[in-house]
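Quick notes on the structure that follows.
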Amino acid sequence: MREVLEAVAAGDLSPTEAEARLAGYVTTDAGRFDAAREQRRGAPEGILAEGKTPAEVAVLAAAALDSTGRALITRVSEDHVVAVAEEVDASIDLSHDERARTLVAQRPDFDPPTLDATVGLVTGGTADAAVAGEAATVLDAMGATVERVDDVGVAHLGRILDHLDVLRAADVLVVAAGREGALPTVVAGLVDTPVIGLPVSTGYGHGGDGAAALSGMLQSCTVLSVVNVDAGFVAGTQAGLVARAVSDARSQ
């Protein structure tokens, strides 16, 4: 503790960084940021922008940057992006995926992790790309190599069969699908790789809000894991943890 206090007194450590080291989290007017999440859990803390004002997201992003060197923000609006850009220093690198509604901010001296593992990210149709993109952002933040296989829904099985080599080479697969959610079941029956089903709220009419896709994946006759509807962050994090375990095993 004394070393931390002396570093603050000398100007080598900010109060925010000191609080993060001592308590494991940072307290702001907009809430608490879990600065120790990545060390404790293996995956970075994500700031959910939905339900928060632009000013609140900006404050939390600044705390994340100050304490960890990076801020990973999901479900952002244009107003959130503008507020963060105005709050942080001009030297901060901002990467905004408009379709996935994600924003990643990094300090110039941030050293991102790298994993010796590949995650296959599969979508049934173009309409599933936004949710899949959220998963891709998380996977990239965790250091995994992401291999995209897009628009290979079950309406034409030849589309997925054409990519079997890529699917079988991946260490873990995230398969995003809406409507009846059949694609993860088909994929899981073709590979010996762990499959995470990501139901998407694409469709219309009865069950078109993702309920049919979720039910179909939960009732899959091939073994797979399933996350909640549109939970790209969760699917990406879970796949990233598998990739991290694979990478650790390869390094030993």
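Position 1 is the first residue of the sequence, and the numbers go up from there.
Clustering ILVMFWY residues whenever any of their side-chain heavy atoms sit less than 4.5 angstrom apart, transitively, puts Val234 in a cluster other than the one holding Val226. Cluster membership for Leu65 and Val57, using ILVMFWY side-chain heavy atoms within less than 4.5 angstrom, is shared. Note: the hydrophobic cluster containing Val119 does not contain Val195 (ILVMFWY, side chain heavy atoms under 4.5 Å, direct or indirect links). By the rule that hydrophobic residues join a cluster once side-chain heavy atoms approach within less than 4.5 Å of another member, Val146 and Val242 end up as members of one cluster. Tracing side-chain contacts under 4.5 Å through hydrophobic residues (I, L, V, M, F, W, Y), one reaches Leu224 starting from Leu183; they form part of the same cluster.
Side-chain atoms of Gln238 and Ser225, non-hydrogen and from C-beta on, never get closer than 4.5 Å to each other. A heavy-atom distance below 4.5 Å is not found between the side chains of Ile160 and Val154. The closest side-chain heavy-atom distance from Leu198 to Val175 is not below 4.5 Å. Arg75 is not listed as a side-chain neighbour of His80, based on a closest heavy-atom distance of 4.5 Å or more. Counting only heavy atoms from C-beta outward, the side chains of His163 and Val152 approach each other to under 4.5 Å. Between Thr28 and Phe33 there is no side-chain heavy-atom pair separated by less than 4.5 Å. Within the 4.5 Å cutoff, no side-chain heavy atoms of Ile92 are placed close to those of Gln106. For the pair Ile73 and Val104, the minimum side-chain heavy-atom distance is 4.5 Å or more.
Of the inter-residue distances, the one linking Glu50 atom CD with Arg101 atom CZ reads 5.0 Å to the nearest 0.5 angstrom. Taken to the nearest 0.5 Å, the CZ atom of Phe233 stands 9.0 Å off from the CG atom of Leu48. The CD atom of Glu56 lies 12.0 Å from the CD1 atom of Ile47; values are rounded to the nearest 0.5 Å.
Here side chain to side chain donor-acceptor pair (under 3.5 Å) pairs that include residues 239-252, with residues two or more places apart or in two chains, are Asp171-Arg250. Applying the side chain to side chain donor-acceptor pair (under 3.5 Å) definition to pairs two or more places apart or across chains, those involving residues 191-211 are Asp128-Thr202, Arg179-Tyr204, Ser201-Asp230.
Not counting sequence neighbours, the partners of Arg148 by the salt bridge (charged side-chain N to carboxylate O under 4.0 Å, His left out) test are Asp150.
Under a 3.5 Å cut-off, the side chain of Thr222 and the backbone N or O of Thr185 do form a donor-acceptor pair. Of the possible polar contacts, one joining the Thr123 side chain to the Asp151 backbone as a donor-acceptor pair under 3.5 Å is found.
Pairing each heavy atom of Ala83 with each of Ala58, the nearest pair is O-CB, 3.6 Å. Of all heavy-atom pairs between Ala177 and Met217, the closest is O-CE, 3.6 Å. Here the closest heavy-atom approach between residue Val229 and residue Gly210 is recorded as CG2-O, 3.6 Å. Across Arg37 and Ala43, no two heavy atoms sit closer than the pair CG-O, 3.1 Å. Contact detail for Leu214 and Pro199: the closest heavy-atom pair is N-CB, 3.7 Å. Closest approach of Leu121 and Ala136 over heavy atoms only: CD2-CB, 3.6 Å.
Salt-bridge annotation for Arg70 and Glu45: absent, with no side-chain N of the basic residue lying under 4.0 Å from a carboxylate O of the acidic one. For the pair Arg41 and Asp34, the salt-bridge criterion is not met [side-chain N within less than 4.0 Å of a carboxylate O].
Only one option out of Thr137, Asp97, Thr74 pairs with Thr102 in a side chain to side chain donor-acceptor pair (under 3.5 Å); it is Thr137.
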Would Leu167 and Leu173 satisfy side-chain contact (heavy atoms from CB on, under 4.5 Å), going step by step from the backbone distance to the final call?
-> CA-CA 7 Å; Leu167 300 179; Leu173 294 168; 4.0 Å; yes

Please assess Leu190 against Leu164 for the test side-chain contact (heavy atoms from CB on, under 4.5 Å), listing each intermediate value before the final yes or no.
-> CA-CA 8 Å; Leu190 295 170; Leu164 271 182; 3.8 Å; yes

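With 3.5 Å as the limit, one finds no donor-acceptor pair spanning the side chains of Ser77 and Asp79.
Within a 6.0 Å sphere centred on CD of Gln219, other residues, nucleotides and ligands contribute 12 heavy atoms or fewer. Counted within 6.0 Å of CG on Asp165, heavy atoms from surrounding residues, nucleotides or ligands total 12 or fewer; the atom is thus considered open.
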